[in-house]
Visitor: 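Got a structure here, written out as structure tokens. Questions coming.
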Number of protein chains: 2
Amino acid sequence: MAVTIKDVAREAEVSVATVSRALNGRVNVAPEVRSHVQAVAARLRYIPHSAARSLITRRTQTIGALLPDMHGEFFSELIRGIDRAARAKGYHLLLSSSHGDADETATALQAMLGRVDGLLIMSPYADPGFIEEHLPETLPSILLNPVHGHTRLPALAVDNRKGAYVMTRHLVNCGHRDIAFIAGPKGNLDAEERLQGHLDALHELLPGASEQVVAGDFSEESGYRAGSQIARLQRLPHALFAANDSMAIGCLFALNEAGLRVPADIALAGFDDIPTARFTQPPLTTVRVRIADLGGRALDRLVAAVAAKESGHRLPPHRIQMLDPELVLRSSCGMHEHRSAGTDAHEPVRTTRKRVRNGSDTRMRSTPVKPKTR
Amino acid sequence: MAVTIKDVAREAEVSVATVSRALNGRVNVAPEVRSHVQAVAARLRYIPHSAARSLITRRTQTIGALLPDMHGEFFSELIRGIDRAARAKGYHLLLSSSHGDADETATALQAMLGRVDGLLIMSPYADPGFIEEHLPETLPSILLNPVHGHTRLPALAVDNRKGAYVMTRHLVNCGHRDIAFIAGPKGNLDAEERLQGHLDALHELLPGASEQVVAGDFSEESGYRAGSQIARLQRLPHALFAANDSMAIGCLFALNEAGLRVPADIALAGFDDIPTARFTQPPLTTVRVRIADLGGRALDRLVAAVAAKESGHRLPPHRIQMLDPELVLRSSCGMHEHRSAGTDAHEPVRTTRKRVRNGSDTRMRSTPVKPKTR
DNA sequence: GGACCGACTGTAAACGTTTGCAGGCGGCTT
DNA sequence: AAGCCGCCTGCAAACGTTTACAGTCGGTCC
């Protein structure tokens with residue numbers, strides 16, 4: 001049916017071996033033969049059968065991405081980063097997302113196993129036991145956003161703790177002394193790390209301050225509930241730090257409804273910098289995660305691992321690489337009313353600022369910008 | 001290296017043929033033999049080599065998705081729809097997105113060719129010439145959001161025209177007589193269809209009304225510019241209809257800056273229902289596109305085409321299938337001030353309303369809700 | 001002029017599966 | 001008791017590539 005290498009060989013009056021060599025850019029094929037073969041292949045619209053090739057070469061030129069059920073900008077940015085990097089390296093991307101539970105994730109993983117050279121895994125269920133159970137030792141894999149205890153796999157993660165720490169420090173620097181935290185779901189690692197970062201900063205910078213943690217689950221509704229609850233308190237906190245932007249936005253609704261003005265009556269900050277954060281009233285101060293970068297770097301590292309395996313080299317030691325998030329200062333934190341952001345300038349890590357398109361953002365990076373590798 | 005079917009056969013003391021039949025659920029294998037083989041395969045952690053299988057079966061169980069450079073919710077929803085449907089049908093998803101120009105798209109397409117059973121194409125460059133040039137006749141494919149003249153391929157598209165028509169009709173029903181339109185980029189099909197739908201409604205419902213079309217390019221900035229320009233007019237239109245939400249939001253900023261109140265001074269509507277639309281002040285009336293549905297249906301149809309091809313059936317005639325968008329009524333259109341939404345009830349198509357979570361949305365569907373197939 | 005060498009090309013094996021075909025074996029029918 | 005039939009199993013070919021190895025051919029060196 002389809003045209004194979006044999007058809008090309010017959011038509012070009014050479015052997016299949018020569019066709020293969022000519023088309024794959026091997027040396028040892030006469031230039032005129034090569035161009036002739038290429039011409040014939042193009043004329044016949046020859047498409048190599050990648051399965052046959054994979055069978056003999058034992059590589060698929062495909063990496064798999066196993067992702068959780070995600071929405072919006074976070075998902076699209078992550079994919080963009082992975083996809084771009086994959087194409088740059090000549091790999092295809094096999095995607096499996098939207099897994100609701102551990103079983104689904106396991107099934108999806110199993111289904112990918114024969115078909116990929118490496119695996120990028122981002123999953124709340126990918127704990128060491130799960131990995132041990134379902135992932136062959138020999139398949140190069142990278143974990144994204146894990147820190148699920150320790151696994152044998154290398155990992156890349158956003159430094160949630162540092163991000164939350166820096167935000168809380170910023171709030172303190174703005175003059176807020178009484179800071180409440182709206183937490184994410186119990187058992188969610190991101191949520192717990194953010195809480196921890198907040199508490200660390202609190203204890204360190206405001207010794208003796210009481211911990212005020214309100215429950216939430218990352219949903220807008222839970223933010224709304226937390227906001228209403230807080231608005232009813234006798235003694236209002238100075239500032240609210242929500243573990244993600246969605247909750248911050250829900251909270252903002254509740255505060256508005258209660259007649260409280262942000263940031264005049266109470267300051268507010270979020271985490272993630274979802275696009276909507278720029279458009280709330282007032283615009284939301286938050287923590288930005290460079291998501292596309294996260295995906296791209298993960299892929300680059302995975303490809304390196306695949307290459308290392310094939311050339312028989314020992315893989316470099318499994319490291320967990322942390323990506324620093326950056327503070328995005330808008331007006332909801334009240335910094336312009338209490339103290340200028342300059343207060344943060346005494347922090348030990350170097351900071352950079354730049355004006356961006358919107359005009360109302362001020363970004364601060366907590367570490368020097370690294371030059372892009374490659 | 002890896003464990004193959006032969007290893008399983010040797011270990012289970014049967015032939016490879018029996019292993020194959022046992023594992024693939026063929027009939028004609030004794031129950032006890034089957035379970036024994038399964039046990040051995042599991043113990044050995046046997047993973048079938050999918051390339052070898054593809055080679056002989058001539059199917060990859062993979063469909064490719066060729067997508068343009070997209071951001072945010074639209075992208076993630078589309079992928080979600082496709083991914084879910086693919087998994088339900090037992091197909092893998094090979095993704096290639098973020099293509100900036102026709103050459104890049106062609107390269108990505110070529111790279112997919114040997115590896116997929118079918119192709120889902122959404123690309124501004126996928127015109128009939130491009131298709132003819134790069135896509136083999138024999139590969140089942142479906143176009144998403146095209147209507148690029150006519151191609152030999154079946155297609156699924158959002159009915160931009162109808163959506164814009166219905167929105168303009170709604171604005172007219174709200175009492176607005178003087179409606180300006182902020183257009184999308186020239187040459188963009190979505191943009192042109194939306195403009196056309198608006199103009200159709202205008203001419204039909206307000207005969208003799210003058211066309212007021214302001215240029216834009218779908219970016220927030222262009223919406224802002226359009227808004228400033230309109231705010232400076234001697235005679236303000238009653239309503240503004242932006243060809244997408246981003247421009248509507250930019251425009252809203254400009255109107256606010258100019259001291260105009262929405263909807264009291266001027267009504268505003270958008271298109272797409274991006275998440276941010278719920279959070280603007282006032283919340284934005286817009287047109288919702290059920291994107292995940294679009295992706296899911298496209299995949300279902302593609303799989304049907306693949307199956308048809310394999311069973312040798314003639315494919316059903318290539319149809320373009322239109323998906324109706326739905327009106328999302330919030331307060332920016334001023335409907336509650338001029339006329340109640342009930343005015344729309346005389347429209348010929350059936351409408352349904354429901355309260356949604358947010359409490360401030362009223363959705364109207366312009367056609368009856370179809371039961372989910374399967 | 002013969003041996004050797006280098007550049008190129010062809011032959012054939014191998015990759016891991018699926019599946020058509022044939023054969024074995026037990027039980028049932030006549 | 002012989003034949004038949006149906007269930008189950010094994011043998012071996014085939015899928016389309018890549019690549020080790022062998023071979024051809026013309027030229028160069030002694």
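Chain letters run A, B, ... following the sequence lines, proteins first and then strands; every chain starts at 1. This structure is a prediction, so every number in the text was calculated from the model and none was measured. Computed from heavy atoms alone, side chains included, the values below leave out hydrogens, waters and symmetry copies.
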Visitor: In whole angstrom, give the distance that lies between atom CZ of A:Arg59 and atom P of D:dT19.
Guide: 10 Å
Visitor: Return no unless some side-chain N or O of A:Arg21 is found under 4.0 Å from OP1 or OP2 of D:dT18.
Guide: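 So the side-chain polar atoms of A:Arg21 never come under 4.0 Å of the phosphate oxygens OP1 or OP2 of D:dT18.
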Visitor: Looking only at side-chain atoms of B:Ile5, point me to the closest of D:dG10, C:dG10, C:dT18.
Guide: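 Among the listed nucleotides, the one closest to the side chain of B:Ile5 is C:dT18.
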Visitor: For D:dT18 and A:Ser20 - does any side-chain N or O of the residue sit under 4.0 Å from the phosphate oxygens OP1/OP2?
Guide: yes
Visitor: Does the side chain of A:Ser15 get closer than 4.0 angstrom to OP1 or OP2 of C:dT9 through an N or O atom?
Guide: no
Visitor: Regarding A:Arg58 and A:Glu310, does a basic nitrogen lie under 4.0 Å from an acidic carboxylate oxygen?
Guide: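 Here A:Arg58 does not pair with A:Glu310 in a salt bridge, since their nearest N and O are not under 4.0 Å apart.
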Visitor: Between the base of C:dG16 and the side chain of A:Arg58, is there a donor and acceptor pair under 3.5 angstrom?
Guide: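 No, the side chain and the base share no sub-3.5 Å donor-acceptor pair.
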Visitor: Measure CD1/B:Ile47 against P/C:dG16 and give the value in whole Å, please.
Guide: 13 Å
Visitor: Starting at the 5' end of DNA chain D, which residue's closest nucleotide do you reach first, B:Ala17 or B:Ile56?
Guide: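 Result of the comparison: B:Ala17.
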Visitor: Using only side-chain N and O atoms of B:Asn28, determine if any of them is under 4.0 Å from OP1 or OP2 of D:dT9.
Guide: no
Visitor: Identify, between B:Val33 and B:Leu55, the residue whose nearest nucleotide on DNA chain D lies closer to the 5' end.
Guide: B:Val33
Visitor: Rounded to whole Å, please give me the gap between CZ in B:Arg115 and P in D:dT17.
Guide: 13 Å
Visitor: What integer distance in Å separates A:His36:NE2 from C:dC8:C1'?
Guide: 16 Å
Visitor: Without decimals, in angstroms, what is the distance between A:Leu113 CG and C:dT17 P?
Guide: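 Rounded to whole Å, this separation is 14 Å.
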Visitor: Does a salt bridge link B:Arg297 with B:Asp300, judged by any charged N lying under 4.0 Å from a carboxylate O?
Guide: no
Visitor: Is there a side-chain polar atom (N or O) of B:Thr4 under 4.0 Å from OP1 or OP2 of C:dG16?
Guide: no
Visitor: In terms of side-chain geometry, is the basic nitrogen of A:Asp83 or A:Arg80 positioned less than 4.0 Å from the acidic oxygen of its partner?
Guide: no
Visitor: Is a donor from one side chain sitting under 3.5 angstrom from an acceptor on the other, for A:Gln321 and A:Arg301?
Guide: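 Judged by distance alone, the side chains do pair up.
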Visitor: Write down the distance between NE2 (A:His49) and P (D:dT18), rounded to a whole number of angstrom.
Guide: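 After rounding, the reported distance stands at 12 Å.
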Visitor: In whole angstroms, how far is the P atom of C:dT18 from the CG atom of B:Asn24?
Guide: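 My rounded result for the distance is 5 Å.
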Visitor: Distance check needed: D:dG10 P versus B:Arg26 CZ, whole Å only.
Guide: 17 Å
Visitor: With a 4.0 Å cut-off on N to O distance, would you call A:Asp117 and A:Lys309 a salt bridge?
Guide: no
